[in-house]
Amino acid sequence: MRFMSFTILGMSLIAGLSLPAPASACGPDSDCMIGERHYRIRMPDRHDGKTPVGAIIYAHGYKGSAKGAMRNEAVGQAVSDLGLAFVAVKSATDDWHIPNAPSQHPPEDLVELAYFDALVDDLKDRFNIDTAKLMVTGFSAGGMMTWTLACERAEKFAGFAPISGTFWDPHPKDCPSEPAHIIHFHGTADPVVPLKGRKIGPTHQGNIFDVLTMYADDGGYDGLQTSKPLNLSCERRTNPTGKILEFCLHDGGHQFRTDYIVWAFRELEALGAFEGATN
């Protein structure tokens with residue numbers, strides 16, 4: 001199966017990754033600490049402080065930060081308008097520790113998975129976040145982290161919206177987690193993370209068409225629905241449990257747009273992806 005007619009762990013817990021007390025003060029302008037790691041959070045403007053709300057979790061690109069992501073007022077406001085918290089996470093170093101990245105962290109180095117496991121617990125305990133209503137998105141290297149979570153931690157999140165990022169080669173042959181809702185965005189003229197990837201240092205970015213084919217075959221996604229939202233060309237496949245795998249192309253380069261995140265959330269909401277609160 002090819003998309004768009006193209007040729008398409010044991011826990012390695014970081015030291016000191018204990019959860020802080022719920023009373024710890026933090027937010028959009030200060031770090032929420034989880035051991036030596038952190039994230040930032042902006043609660044929705046109209047939140048009453050008591051009702052559980054969902055969240056969009058955003059993973060930054062290479063050398064990005066939670067602080068920098070939180071400065072994007074357009075994203076923060078758009079997420080708030082959805083009635084959700086905006087959570088900006090931070091990689092362990094300048095880049096996400098994921099298999100086969102140029103920094104050559106070994107595949108068994110699962111510090112990021114431990115971080116996201118602790119993050120979900122902390123969001124629930126500290127901010128009363130509805131953990132059944134979590135969508136992960138990320139741009140560039142953050143999109144790579146988003147794909148890694150979709151493959152390794154699908155059960156913890158309701159959906160994933162990676163933007164301009166994929167696995168590093170060699171990409172997984174299959175994913176240990178159950179199939180997930182995934183909506184992937186990419187530019188046909190992306191020079192930073194091209195559709196077929198490029199060599200960086202000792203490794204190579206994955207070919208997104210091969211990744212989508214692997215994921216579709218592994219998760220039993222089939223059929224084809226096309227649409228053209230937001231000047232995108234999208235193809236959607238669905239698996240027997242109703243999960244979608246959607247690939248949306250634009251004719252631009254290495255591009256992030258706030259409305260991609262909003263549209264992805266609304267699409268998943270329409271599918272009932274966020275039903276069944278666990279709080």
Side-chain angles (χ1 to χ4, degrees), residues 1 3 8-14 17 34 37 55 57-59 89 91-92 95-124 131-138 141-163 165-184 197 203-222 236-247 264 268 271 273-274 276 278:
M1 180 186 304
F3 279 74
I8 46 172
L9 290 109
M11 289 279 285
S12 170
L13 223 52
I14 5 179
L17 196 59
I34 311 177
R37 301 288 298 272
I57 299 170
Y58 176 80
V89 290
S91 57
D95 201 3
W96 296 98
H97 286 216
I98 53 179
N100 307 312
S103 49
Q104 289 297 289
H105 299 293
E108 64 271 16
D109 184 355
L110 302 181
V111 294
E112 302 296 7
L113 298 183
Y115 167 63
F116 279 92
D117 289 342
L119 171 74
V120 171
D121 291 339
D122 198 55
L123 289 172
K124 179 179 178 180
T131 55
K133 200 172 184 178
L134 300 177
M135 186 184 87
V136 181
T137 187
M144 297 176 177
M145 185 68 242
T146 303
W147 266 108
T148 300
L149 289 169
C151 192
E152 298 282 350
R153 290 293 189 272
E155 69 281 356
K156 285 187 173 287
F157 306 97
F160 302 86
I163 304 171
T166 181
F167 293 107
W168 292 95
D169 273 344
H171 65 70
K173 294 181 179 179
D174 53 38
C175 288
S177 286
E178 62 188 29
H181 288 296
I182 300 179
I183 302 176
H184 179 95
T203 188
H204 197 285
Q205 296 163 345
N207 182 319
I208 187 59
F209 305 116
D210 292 343
V211 167
L212 289 166
T213 297
M214 174 278 292
Y215 200 83
D217 290 345
D218 187 47
Y221 297 84
D222 205 351
R236 175 185 293 188
R237 289 177 168 82
T238 307
N239 82 344
T241 66
K243 298 295 176 63
I244 65 164
L245 176 61
E246 190 153 6
F247 182 36
L268 296 182
L271 290 167
F274 305 109
T278 57

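- Annotation for E112 and A92: closest pair OE2-N, 3.1 Å, computed over non-hydrogen atoms.
- Judged by distance alone, the side chain of K124 and the main-chain N or O of T131 form no donor-acceptor pair under 3.5 Å.
- Ring planes of W147 and H184: tilted class, angle from 30 to 60°.
- We find the CG-NZ distance between D217 and K173 to be 14.0 Å, quoted to the nearest 0.5 Å.
- You'll find the side chain of I183 reaches within 4.5 Å of the side chain of I244, heavy atoms only.
- Looking at L149 and I57, their side chains never come closer than 4.5 Å, going by heavy atoms from C-beta outward.
- Here CZ of R37 is found 13.0 Å from CG of D122. Values are rounded to the nearest 0.5 Å.
- When side chains are defined from C-beta on, M135 does not count as touching H181, because their heavy atoms never get closer than 4.5 Å.
- For P162 against G143, the heavy-atom pair with the smallest separation is CB-O, 3.7 Å.
- Applying the ring pair (Phe, Tyr, Trp, His ring centres under 6.0 Å) criterion to F157, with sequence neighbours excluded, gives F160.
- Contact record, N239 with Y221: N-CD2, 3.7 Å, taken as the closest heavy-atom pair.
- When every heavy atom of G206 is checked against every heavy atom of D169, the shortest pair comes out as CA-OD1, 3.5 Å.
- Side-chain atoms of L113 and R153, non-hydrogen and from C-beta on, do get closer than 4.5 Å to each other.
- Listed here is the closest heavy atom pair of T146 and A161: CG2-N, 4.1 Å.
- The two residues P170 and N100 come nearest to each other via the heavy atoms O-ND2, 3.3 Å.
- Proximity of S91 to H97: side-chain heavy atoms (C-beta onward) are nowhere separated by under 4.5 Å.
- Between the side chain of D218 and the main chain of C175, a donor-acceptor pair closer than 3.5 Å is present.
- Counting only heavy atoms from C-beta outward, the side chains of P102 and W168 approach each other to under 4.5 Å.
- Under the side chain to side chain contact (heavy atoms under 4.5 Å, CB included) criterion, A141 pairs with Y62, D95, W96, sequence neighbours left out.
- In this structure, CG on L134 lies 8.5 Å from CZ on F274, to the nearest 0.5 angstrom.
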